[in-house]
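All residue numbers in this chain count up from 1 along the given sequence.
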Amino acid sequence: MKTKLSLIGLCVSLNCLANEVDLTVTNGGTVNYSDSSCTENCKIDTSDSDVVLTPSNSDTLLFSSWSGQSCDFGKGGTFTSEAERISNPSGGAKTLQVLDINNDGNADLFGISLFSGTVTQSINKGNGEFETKTVIQDLTYPAALDSYDWNGDGYEDLLVSDFGNVSINVYLNDGNGALTLSEEIKVSSIRPYAFSVFESEGVDGPQLIISSFSADTTGNLSQLVTSIREAKTAIYAKDGSSFKETRVLSEQAGITLDSYVTDEGKLNIVSAEIAAKQVVIYAEADNFEPKKIEESRAPYGATFADIDKDGIQDVVTAHYGPYSLRVGFAESENTISNMQEIITGSDGLTAVAVADFDLDGLNDVATGEFNSNRFDYYSMETYLGCGFKQGASAEVTANFEQGTTQQSSSSSSTQSSGQSQTTKTETAKSESSGGGSLPLWLAALVPLSYLRRKFQ
C-alpha cells in the first residue's frame, strides 16, 4: 500500500493524469485553443478530440518557442537562417533526394552534380553532419532523382534521369549501402527530364510521371529554358517490358516534379514549370486541372512534404530567380497558404528535400545553391501551433518575449532589403552562368573533347 501511494503521489507531481495537457504561458502571453484562451496556466482536456494550441502575438509580446514535452504535431513553423552544410559537389549542385541507403533510420541524401555527370551520396552521421562520396559516375546530363522500392525487397532504390542518354536509370539498393545499376528505362518518342514514381490501386507495378522536352543544354539556364520544345508532362504505366503513356497532364516543361497518393487513392502532383514561371499542382480529384500556387522568374525545385506532421502535405519550393527558398503550409489538401520565405540565398537555388536531418524531432529543409556548389539544410526552430492528439497527456510551455510585431516586420524587411542590395550583381552573374551552363572557371579545367561528349 505504501508503494502504491508513493506512485500516486509521483504521478500527480509529474502530471500523469490521462487526457490532459498542462499548459504554462510565460510573460503574460496568450495561447488560444478551441473556443478558449490561456494566459498563465491551464489544464486542457484532450479526451474528445485533438487540440491545437495557437500562440497570439500582441503589440508588446512575441511568441518565441515551445518547451517541455514535444508537440505531437504542429501547425506551421519557423526555420533558422543559418545554413548547415551537407556537401560541396563540384560542377553544379542540382537535385536532392532523401533515401536511407544504409538502413540505420537516419535520413541520408543523394545529390546530382550536373557538370561532373555524377551522383553523390551523403550519409547522415546521426548528429546533423554528413559524410559524402561519389557513387554514380559517367552520366551525360543527370536531371532528376526519385526513390522507390523497384524490386520489392523492402529497400528503397534510387532512380536517376539522364537527359543526355534519354533514359531513367534504376539503381538497386542492397540495404547495406551499395547501389547497382539494374536497368535503363527508355520511353519511346520522349526525352525524360523531371520525373516522379508512384503506385496506385488497380494498376500493377509502379507508374511514372515524366516531364519531357528537347532543349539546348550547351548554354546557360536562360538558353535552356528559351530553347525548350515539344514539352509534355504525362503519366506512364507499365506495358510489358516498357512504359506506355496513359494521360497527358500539360504541355509545360517541369524542371522538378513530385507526387503522392492520398488515402482515398487520388494522385497529386506538384511541378516547377520554369518556362511558364509558375509552380502548379495537378490533383486527380480535380481532374488534373492545373492549380497555380505561386509565381517567380525562375522556379526550379518543388516537393511535397508533411513538414509540420499534421497529416496534410505541405509544399516547399526553390527559386533560381530571385534566389529564394520557400515553404507553403497547407490548410487542407492542396490548399496552400501564402508561401513563406525561409532564406534568400546568395546564388541560384535548385534542389529541395525535407527530413529530420539533425534528429531533433522536427523536419528540416535542404536546398542547393547551383554555382556555389553547395548543398545545405536549414533546421526548423519551432512549430507555431502546437498540436496534441486525442487522449494525449503532456506538460508544455509557450514562451513569449518582449518585442513588437512592427519591430519584427521591420527587422525582417531590412534584412531582405540588405541581401537584395548586396547580391544584385551576383544575381545577374549567376543567372547567366548556372542551372544548365558551364561556368568559365570550370570550362578551363575540362578538356574540349569531354565537353563535346557531355553536352552536344
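Between the side chain of Asp358 and the backbone N or O of Gly128, no donor-acceptor pair lies under 3.5 Å. Under a 3.5 Å cut-off, the side chain of Asn169 and the backbone N or O of Glu184 do not form any donor-acceptor pair. Of the possible donor and acceptor atoms, none in the side chain of Ser211 sits under 3.5 Å from a partner among the backbone N and O of Ala231. Checked by atom type and distance alone, the side chain of Asp157 pairs as donor or acceptor with a backbone atom of Trp150 at under 3.5 Å. Using a distance-only test at 3.5 Å, with no hydrogens or angles considered, a donor-acceptor pair links the side chain of Asn27 to the main chain of Phe400. Side-chain N or O atoms of Thr80 include none that pairs as donor or acceptor with a backbone N or O of Glu381 at under 3.5 Å. Between the side chain of Asn106 and the main chain of Asp100, no donor-acceptor pair closer than 3.5 Å is present. Under the 3.5 Å distance criterion, the side-chain polar atoms of Asn399 are matched with a main-chain donor or acceptor of Ser65. For the pair Glu395 (side chain) and Gly68 (backbone), a donor-acceptor distance under 3.5 Å is absent. With hydrogens and angles disregarded, no donor-acceptor distance shorter than 3.5 Å links the side chain of Lys309 to the backbone of Asn363.
What you find for Leu96 and Ala351 is that their closest heavy atoms are N-CB, 3.6 Å. Listed here is the closest heavy atom pair of Ile312 and Glu331: CD1-O, 3.8 Å. Across all non-hydrogen atoms, the minimal contact from Gln313 to Ile336 is O-CD1, 4.3 Å. Of all heavy-atom pairs spanning Gly361 and Asp356, the tightest one is N-OD2, 2.8 Å. Scanning both residues, Ile307 and Asp314, for their nearest heavy atoms gives N-OD2, 2.9 Å. Of all heavy-atom pairs spanning Phe110 and Leu158, the tightest one is CD2-CD2, 3.8 Å.
In summary, the side chains of Ser90 and Asn373 do not present any donor paired with an acceptor at a separation below 3.5 Å, with no hydrogens or angles considered. Side-chain atoms of Asn103 and Asn176 form no donor-acceptor pair, as typed in the model, at a separation below 3.5 Å.
Comment: Lys389 does not engage Asp50 in a salt bridge, judged by the lack of any side-chain N to carboxylate O separation of less than 4.0 angstrom. Look at Lys232 and Glu245 and you find a salt bridge, because one of the NZ, NE, NH1 or NH2 atoms lies within 4.0 Å of a carboxylate O, short of that distance.
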Review point. Going through the checks in order, is the side-chain contact (heavy atoms from CB on, under 4.5 Å) test met by Tyr320 and Val225?
Key: CA-CA 12 Å; Tyr320 201 89; Val225 172; over 6 Å; no

Point to revise | side-chain contact (heavy atoms from CB on, under 4.5 Å) between Asp310 and Lys75, worked out | key: CA-CA 7 Å; Asp310 65 350; Lys75 286 292 182 180; 3.0 Å; yes

Practice item. List the steps, then state whether side-chain hydrogen bond (donor to acceptor under 3.5 Å, both in side chains) holds for Asp258 with Thr303. Key: CA-CA 5 Å; Asp258 194 22; Thr303 192; 2.7 Å; yes

Practice item. Would you sort out whether Glu294 and Thr317 count as a side-chain hydrogen bond (donor to acceptor under 3.5 Å, both in side chains), showing the intermediate values? Key: CA-CA 9 Å; Glu294 68 171 337; Thr317 59; 2.5 Å; yes

Exercise for review: Determine, stepwise, if the pair Tyr300 / Tyr323 fulfils ring pair (Phe, Tyr, Trp, His ring centres under 6.0 Å).
Suggested key: CA-CA 10 Å; Tyr300 205 108; Tyr323 312 147; over 10 Å; no

Practice item. Given side-chain hydrogen bond (donor to acceptor under 3.5 Å, both in side chains), test Glu84 with Ser379 step by step and report yes or no. Key: CA-CA 8 Å; Glu84 298 291 340; Ser379 298; 5.5 Å; no

Exercise for review: Evaluate the side-chain contact (heavy atoms from CB on, under 4.5 Å) criterion for residues Phe304 and Ile281: first the C-alpha distance (whole Å), next the side-chain angles of each, then the deciding distance (0.1 Å), finally the verdict.
Suggested key: CA-CA 10 Å; Phe304 286 118; Ile281 288 178; 4.2 Å; yes

Point to revise | Pair Leu62-Glu401, side-chain contact (heavy atoms from CB on, under 4.5 Å): steps then yes or no | key: CA-CA 5 Å; Leu62 296 176; Glu401 297 177 351; 5.6 Å; no

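Pairs of residues two or more places apart, or lying in two chains, that qualify as disulfide (SG to SG under 2.5 Å) and include a residue from residues 27-59 are Cys38-Cys42. Among residue pairs with one or both ends in residues 316-345, none qualify as disulfide (SG to SG under 2.5 Å); sequence neighbours excluded. Listed by first and then second residue, the disulfide (SG to SG under 2.5 Å) pairs that reach into residues 75-104 come to none, sequence neighbours excluded. Judged as a disulfide (SG to SG under 2.5 Å), not a single pair has a partner in residues 255-319 (not counting sequence neighbours).
Going from atom CD of Glu82 over to atom OH of Tyr377 covers 10.0 Å, rounded to the nearest 0.5 Å. Rounded to the nearest 0.5 angstrom, Gln278 CD and Lys291 NZ are separated by 14.0 Å.
You'll find the side chain of Trp66 reaches within 4.5 Å of the side chain of Cys71, heavy atoms only. With contacts defined as side-chain heavy-atom distances shorter than 4.5 Å, the pair Ile274/Leu221 qualifies. Arg374 places a side-chain heavy atom less than 4.5 Å from the side chain of Glu369. Contact annotation: the side chain of Ile235 approaches that of Leu267 to within less than 4.5 Å [non-hydrogen atoms, C-beta and beyond]. Put simply, the side chain of Thr30 does not reach to within 4.5 Å of the side chain of Val25, judged on heavy atoms. Side-chain contact check for Asp22 versus Asn41: some heavy-atom pair is nearer than 4.5 Å. The shortest distance between side-chain heavy atoms of Val98 and Leu109 falls below 4.5 Å. Two residues are said to be in side-chain contact when any heavy atoms from C-beta on lie closer than 4.5 Å; Val187 and Ile210 meet this criterion.
Looking at residues two or more places apart in sequence or on another chain, you find no ring pair (Phe, Tyr, Trp, His ring centres under 6.0 Å) involving Phe130. In this structure Ser147 satisfies the side chain to side chain contact (heavy atoms under 4.5 Å, CB included) test together with Gln97, Leu99, Glu156, sequence neighbours excluded.
Taking the ring centroids of Phe288 and Tyr282, they lie at or beyond the 6.0 Å cut-off. Taking the six-membered ring for Trp and the full ring otherwise, the centers of Phe79 and Tyr378 sit at least 6.0 Å from each other. In this structure, Phe163 has its ring center closer than 6.0 angstrom to the ring center of Phe213.
At most 12 non-hydrogen atoms from other residues, nucleotides or ligands lie less than 6.0 angstrom from CD of Glu40. Counting non-hydrogen atoms of neighbouring residues, nucleotides and ligands closer than 6.0 angstrom, the CG atom of Asp239 exceeds 12 such neighbours.
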